[in-house]
Amino acid sequence: MSSAALHFDLLVRNGRCILPWGEAQTDIGIRDGVIVTLSAPASATAEQVLDASGLHVLPGLTDPHVHLRDPGNASVETIETGTRGAVLGGLTAVYDMPNTSPSIIDAETVQWKQGHIGQTAWCDMGFYVGATKANIQDLATLEHQPGVCAVKVFAGSSTGDLLVEDDASIEAVMRSGHRRIAFHSEDEYRLQERRPSFSSGMPYVNHMIWRDEECAFLGTRRIMALARKTGRPAHILHTSTAEEFEYLKDFRDVATSEVLVNHLTQIAPECYETLGGYAVMNPPLRDRRHYEAAWKAVNDGLVDTIGSDHAPHPREAKERPWPDCAAGLTGVQTLLPVMLDHVSAGRLSLTRLVDLLAAGPARVYGAIGKGRLAVGYDGDLTLVDMGRQQRIEASWLVSPCGWSPFEGRLCQGWPVATVLRGHVAMRDGALQGEATGRLISFLP
Ligand code: DOR
């Protein structure tokens, strides 16, 4: 090898690397933003060397489910603040939801989002285009625009006004375009039918009684029937019930699924008693039976991605009595520490976590050059210290909304560096340089 071939922009030495083939102690070389070797020799040199002794080196991790509220409400979040939190929390990419104000549903809003990401994001980004009954014909074109990871369908109503609830319209969405569609799967008719049985000011736990298992399960059965009928691949976001995990086993040919860190961590009814409105989200936090089913599905290989569903709201909106309190919990910055703590507790392996947070999102949405420590892939790395114990403190959180349902939680395992295409964006809890995030390319 010539000496030029042995010189890199960044060398990461002595780390335990989670490669696609397993764990190995090796040295990674990055040049021009791309991984060029997984076995740099001792004689190699670099502009910058990171010593990863005692650390694990993971492929850059992705949160495929965030609501960064941009455009919309800068007092709770923006792309700039949300991606800053992502990088501090050890993530190199996020995929942003379309229920902003205005929503991302047409060429004009897609273009705005593309430009804004290029100017303000600290990590790489994909984003979803929202389906409406009025834009169905345009979705086949919109899903191919740069940076678009998927069309998102709210089949049940949540924050914002995006909603496509009836079978005929959902089928028409599935017949417009061909890439995998991401679904918020709760049956809108059942939600509306059950709503009058509940009154204002009832305890927050009623959130999970109103939006019960059957709301989610019925929604998923309807979507699976249409996916089979049309052959269009579907991704069930935030799968939350034992019934859905069991049912989806028979639909692996047409469906992938996501589970949220919240459904793997918070258990009802205790979460509603301790957190009140700060436990309210859609689909709801549920009881231990569903929590255990979610972990079983993760470990049986039936789940493809883990997300945070980071959904900031003002404190005042979270503290309103049920059901007027806003639904949604923050989590982009805490996703990895909380999941590393689950690894330390023996609930899943680090290799499985990497599959769910790196290779999984890339595979589900077709992200090019992302999700693996392999030659030719982007030089995105997340360095974690599994020996480090750290508490999630309010002072560490950057989201302007100012709260986290995980505040005070002690985590065993912590991200200590984030490398974005060869640039060290975070080290030891401090951001480095400037916002250099880009749009991710997805398979056509
Ligand atoms: O709890 C939720 N909040 N679920 C969603 O589907 C949307 C999100 C939000 O945007 O607030």
Side-chain angles (χ1 to χ4, degrees), residues 63-79 82 94-105 113 127-132 150-165 181-188 191 204 206-208 210-212 215-216 219-220 223 235-241 244 257-263 265-266 268 271-272 275-286 305 307-320 322-332 335 399-401 403-406:
D63 184 343
H65 193 155
V66 300
H67 299 260
L68 299 186
R69 309 296 191 216
D70 206 345
N73 186 355
S75 71
V76 294
E77 202 69 278
T78 59
I79 285 174
V94 298
Y95 298 175
D96 193 26
M97 287 295 172
N99 58 332
T100 43
S101 183
S103 296
I104 305 302
I105 50 169
K113 190 117 166 188
F127 66 95
Y128 299 82
V129 170
T132 71
V151 167
K152 160 84 180 272
V153 175
F154 280 90
S157 51
S158 194
T159 304
D161 55 10
L162 291 178
L163 182 64
V164 181
E165 75 278 37
I181 300 176
F183 284 93
H184 180 117
S185 168
E186 287 184 286
D187 184 87
E188 180 65 12
L191 290 182
Y204 290 103
N206 282 282
H207 196 64
M208 74 166 194
W210 167 42
R211 301 178 88 112
D212 69 352
C215 285
T220 294
I223 290 163
H235 184 58
I236 302 296
L237 296 162
H238 40 47
T239 315
S240 65
T241 68
E244 287 169 284
S257 75
E258 171 192 75
V259 69
L260 298 183
V261 59
N262 309 75
H263 291 119
T265 309
Q266 296 165 288
C271 61
Y272 293 100
L275 293 167
Y278 292 99
V280 171
M281 62 181 292
N282 301 327
L285 294 171
R286 305 190 195 274
T305 64
S308 74
D309 199 353
H310 178 75
H313 291 277
R315 277 185 188 278
E316 159 277 310
K318 292 300 286 176
E319 288 170 8
R320 280 183 221 136
W322 189 81
D324 300 321
C325 67
L329 303 178
T330 61
V332 68
L335 171 65
S399 175
C401 82
W403 56 268
S404 158
F406 298 116

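The first residue of the sequence shown is numbered 1, and numbering continues consecutively from there. Whatever order the structure lists them in is the order used to number ligands and atoms, beginning at 1. We use all heavy atoms of the structure for the numbers below, so side chains are in, but hydrogens, waters and symmetry mates are not.
When each of Thr159, Asp309, Thr330 is checked for a side-chain hydrogen bond (donor to acceptor under 3.5 Å, both in side chains) with His67, only Asp309 meets the rule.
Taking every non-hydrogen atom of Phe154 and a distance limit under 4.0 Å, the qualifying atoms of ligand 1 come out as 6 (O). Taking every non-hydrogen atom of His184 and a distance limit under 4.0 Å, the qualifying atoms of ligand 1 come out as 6 (O). Those atoms of ligand 1 with a heavy atom of Met281 less than 4.0 angstrom away are 1 (O). When each atom of ligand 1 is checked for a heavy atom of Ala311 under 4.0 Å away, the hits are 3 (N), 8 (C), 9 (C), 11 (O).
The shortest N/O to N/O separation between Gly328 and ligand 1 falls below 3.5 Å. Checked by distance only, ligand 1 and Ala327 come closer than 3.5 Å through their nitrogen or oxygen atoms.
No side-chain N or O of Thr241 forms a donor-acceptor pair with one of Arg286 less than 3.5 Å apart. Looking only at atom types and distance, the side chain of His207 has a donor-acceptor partner in the side chain of Asn282 under 3.5 Å away. Under 3.5 Å, the side chains of His310 and Arg69 contain no donor-acceptor pair of N or O atoms.
The closest approach between a heavy atom of Met97 and any atom of ligand 1 is not below 4.0 Å.
Contacts between Val280 and ligand 1, counted as non-hydrogen atom pairs separated by less than 4.0 Å, are absent for every part of the residue. Contacts of His207 with ligand 1, taken as heavy-atom pairs under 4.0 Å, are absent altogether.
For atom 1 (O) of ligand 1, the closest non-hydrogen atom on the protein side is Asn282 N, 2.8 Å. From the protein, the heavy atom lying nearest to atom 9 (C) of ligand 1 is Thr159 OG1, 3.1 Å. In terms of protein heavy atoms, atom 5 (C) of ligand 1 is closest to Ser158 OG, 2.9 Å.
In terms of modelled atom types and a separation under 3.5 Å, the side chain of His263 and the main chain of Pro284 share a donor-acceptor contact.
Using bins of under 30°, 30° to 60° and over 60° for the plane-to-plane angle, the ring pair Tyr278/Trp403 lands in the perpendicular bin.
A search for ring-ring contact (aromatic ring centres under 6.0 Å, His included) contacts involving Tyr272 returns nothing, not counting sequence neighbours.
Using a 4.5 Å heavy-atom threshold, the side chains of His235 and Thr305 count as touching.
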